[in-house]
Amino acid sequence: MVPLFKVFTAPSAATQVAEVLASGTLTQGPRVDEFEERLRRHFDHPYAVTVNSCTSALHLALHLVKREHGLPDDTEVLCTPLTCAATNFPVLANRLRIRWVDIEPTTLNINLDEVERACTPNTRILLFVHWGGQPIDYDRLAEVRSAYRARFGNDLIVIEDCAHAWEARWRDRLAGAVADHFACFSFQAIKALTTGDGGLLLAPDEHFYRQARLARWFGLDRDNQQDFRGCQDIAHWGFKFHMNDLAAALGLANYPHVANLVARHRENAAFYDQSLRNVSGVMLLDRRPESCPSFWLYTLRVAQRDRFCAHMHRRGIQVNRVHGRNDTLSALRPYQRPLPVMDAVAQDMICIPVGWWVSDEDREHIVRAIREGW
């Protein structure tokens with residue numbers, strides 16, 4: 001079976017993790033500091049805060065935005081229905097209100113024209129994912145935010161779920177590396193850069209950066225010389241969201257290899273784009289000239305999806321939707337509203353293997369299987 005996902009571990013990972021085990025410092029320590037500095041250089045962004053998952057990064061961003069802006073419960077957050085449920089559950093955890101916005105049929109990203117129309121005086125936050133690593137149209141997003149500011153006199157706060165989008169680019173900009181956005185990345189096991197499990201928050205400014213560093217560890221300050229074991233006052237309660245040195249050591253070992261891994265994802269995606277063009281029963285997603293996707297996923301829309309999946313399984317190829325629509329989940333059903341594009345996409349979207357482990361022979365086999373028909 002050609003797998004849909006595979007975990008990459010660098011040859012040096014075992015040695016680097018063993019060094020941490022021998023050091024006696026297993027939780028947040030010098031390796032976390034080193035990994036964070038590596039990430040700051042990668043994004044050319046000074047406000048990088050590691051955490052234990054992308055979900056924690058999203059929860060932390062929403063918590064800080066709500067607290068620092070004084071937002072009341074039930075403040076509206078515009079959300080995409082097509083993502084991992086972990087994108088949207090932190091909205092509920094922070095007692096905010098979801099308002100679904102439909103997706104684009106050709107990218108599966110949130111539809112920014114619909115975002116502009118959906119804004120109300122109670123809307124303060126936009127939360128979206130870059131589906132499969134296809135970056136959102138940042139130019140159009142800037143226009144939407146400008147229109148919101150002119151209409152309501154406030155800033156529309158942007159929180160990006162970049163779990164799929166490591167190394168994705170819009171023009172020459174890395175996805176997430178936007179000065180006044182919050183951006184959340186995943187280092188979960190099957191992501192391009194893995195720490196086993198972990199995440200990253202890019203904060204928009206020095207104030208939110210400092211507050212995030214405090215809130216990820218109960219509200220305690222680990223950056224000064226004052227003992228944090230019972231000797232500090234806590235102004236704002238926080239969480240246990242920090243990364244540990246074992247995870248950071250794995251991240252440091254894997255980091256030098258990630259650019260080559262993503263490059264292979266892109267090579268395989270380009271092969272599919274060329275080879276599956278005009279195949280009966282297959283609709284390819286758009287590739288916008290301003291963007292350079294990371295292709296953590298390669299998503300198709302196919303006719304008779306159940307038959308397609310059975311056919312691919314018989315050919316030894318793992319396929320899956322990966323993430324289904326969130327708006328029909330029982331926990332999120334109170335927020336349902338008409339989403340006609342999501343209705344259509346939910347019937348025919350599917351993902352095929354695209355990652356660094358897919359060899360030339362594998363991808364040729366996958367294309368042949370699709371061209372055979374089902």
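Using a cutoff of 4.0 Å between basic side-chain nitrogens and carboxylate oxygens, R149 and E116 are not scored as salt-bridged. A salt bridge is defined here as a Lys NZ or Arg NE, NH1 or NH2 lying under 4.0 Å from an Asp or Glu carboxylate O, and D273 with R287 meets this definition. Under the 4.0 Å criterion applied to side-chain N and carboxylate O atoms, D73 and R95 are assigned as salt-bridge partners. The pair R325-D343 meets the salt-bridge criterion, since a charged nitrogen lies less than 4.0 angstrom from a carboxylate oxygen. One finds no salt bridge joining R264 and E167 here, because no Lys/Arg side-chain nitrogen approaches an Asp/Glu carboxylate oxygen to under 4.0 Å. A salt bridge is defined here as a Lys NZ or Arg NE, NH1 or NH2 lying under 4.0 Å from an Asp or Glu carboxylate O, and R363 with D360 meets this definition. With respect to R368 and E372, no salt bridge is recorded, no charged nitrogen being found less than 4.0 Å from a carboxylate O. D327 has no carboxylate O lying under 4.0 Å from a charged side-chain N of R333, or vice versa, which leaves the two without a salt bridge.
The six-membered or imidazole ring of F218 lies away from that of F241, with a centre-to-centre distance of 6.0 Å or more. Between F185 and F43, the distance from one ring center to the other falls under 6.0 angstrom. Residues H45 and H181 keep their aromatic ring centres 6.0 Å or farther apart. Centroid-to-centroid, the aromatic rings of H265 and W296 stay 6.0 Å apart or farther. A distance of 6.0 Å or more separates the ring centres of Y335 and W100.
For Q28, the side-chain hydrogen bond (donor to acceptor under 3.5 Å, both in side chains) criterion is met by no residue, not counting sequence neighbours.
Between the side chain of W170 and the backbone N or O of C292, no donor-acceptor pair lies under 3.5 Å.
Taking the six-membered ring where tryptophan is involved, the planes of F208 and H69 are essentially parallel, since the angle between them stays under 30° and well short of 60°.
Results of the side chain to side chain contact (heavy atoms under 4.5 Å, CB included) test with R145 over L126, I157, V115, V158 single out V158 as the only residue that passes.
Taking the side chain as every heavy atom from C-beta outward, L250 and Q16 never approach each other to under 4.5 Å. Between T123 and L78 there is a side-chain heavy-atom pair separated by less than 4.5 Å. A 4.5 Å side-chain heavy-atom check between D223 and R213 finds at least one atom pair inside the cut-off.
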Test H42 against Y255 for side-chain contact (heavy atoms from CB on, under 4.5 Å), laying out the working first. CA-CA 10 Å; H42 176 86; Y255 177 83; 2.9 Å; yes
Determine, stepwise, if the pair I317 / H365 fulfils side-chain contact (heavy atoms from CB on, under 4.5 Å). CA-CA 9 Å; I317 302 160; H365 170 58; 3.8 Å; yes
Stepwise, does the ring-ring contact (aromatic ring centres under 6.0 Å, His included) test hold for F239 with H63? CA-CA 10 Å; F239 309 93; H63 169 78; 4.9 Å; yes
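Counting all heavy atoms, side chain and backbone alike, C162 lies closest to G176 at SG-CA, 3.9 Å.
Cation-pi contact between R173 and Y138: present, with separation from the ring centre below 6.0 Å and deviation from the ring axis of at most 45°.
Rounding to the nearest 0.5 angstrom, the gap separating the CG atom in D205 from the CZ atom in R210 is 12.5 Å.
Between the side chains of Q318 and H313, no donor N or O sits under 3.5 Å from an acceptor N or O.
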